[in-house]
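Step one of this worksheet: look at the structure below.
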Amino acid sequence: MLLNARHLNLKLHSLEAALTSENADVCAVTETWFKDAESIRAITGYNVFLLIKPSNESRKSKGGGVLIFFKDKYPSRLVRLNEPLELLQVQLTVGKIPSKLSPAIGLSL
């Protein structure tokens, strides 16, 4: 599942309902607009990886941020955060063979 949220805080309940009804194993979210890690709450049954857009005082625009939910039945770990590009890379193990999923969002900062 892929979602361009444009302010996920306002849509967390809808996202949780969609994850449950679709029984999604993976959900990548762009444009979370989170300002800090405390903005995201846990969704039961999912691990979450979050990259918040770095603040830039000279640029007052909102936006940015990427997030990936994985069902907690899949072992997953953070591989890399690349803040200037807003790249979040997570390794997901399915069965015995690890694979890399890299939903990537590049923004000009």
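Atom set for the values below is all heavy atoms of this structure, side chains included, hydrogens, waters and symmetry mates excluded.
In this structure, Phe69 and Phe49 have side chains that are not in contact, with every pair of non-hydrogen atoms separated by 4.5 Å or more. Side-chain contact between Ile52 and Thr32 is absent, with no heavy atoms from C-beta onward closer than 4.5 Å.
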Next on the checklist: Is there a side-chain contact (heavy atoms from CB on, under 4.5 Å) between Leu50 and Val66? Walk through the geometry before answering.
Outcome noted: CA-CA 6 Å; Leu50 172 66; Val66 293; over 6 Å; no
Item to check | Test side-chain contact (heavy atoms from CB on, under 4.5 Å) applied to Leu67 and Val48, step by step | outcome: CA-CA 7 Å; Leu67 173 146; Val48 63; 3.7 Å; yes
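The side chain to side chain contact (heavy atoms under 4.5 Å, CB included) test applied to Lys71 returns Asn23, Asp25, Tyr46, Lys73, Tyr74, not counting sequence neighbours.
Atom CG in Asn9 sits 11.5 Å away from atom CG in Leu15 (nearest 0.5 Å). Rounding to the nearest 0.5 Å places SG of Cys27 at 7.5 Å from CG of Leu2.
Each of Val26, Val29, Leu19 was scored for a side chain to side chain contact (heavy atoms under 4.5 Å, CB included) with Met1, with one residue passing: Leu19.
Here the shortest heavy-atom pairing between Thr30 and Asn4 reads OG1-CA, 3.2 Å. Taking all atoms of both residues into account, the shortest heavy-atom contact from Glu16 to Ile43 is CG-CG2, 3.8 Å.
Pairs engaging residues 4-43 under the ring-ring contact (aromatic ring centres under 6.0 Å, His included) rule: His7-Trp33 [sequence neighbours left out].
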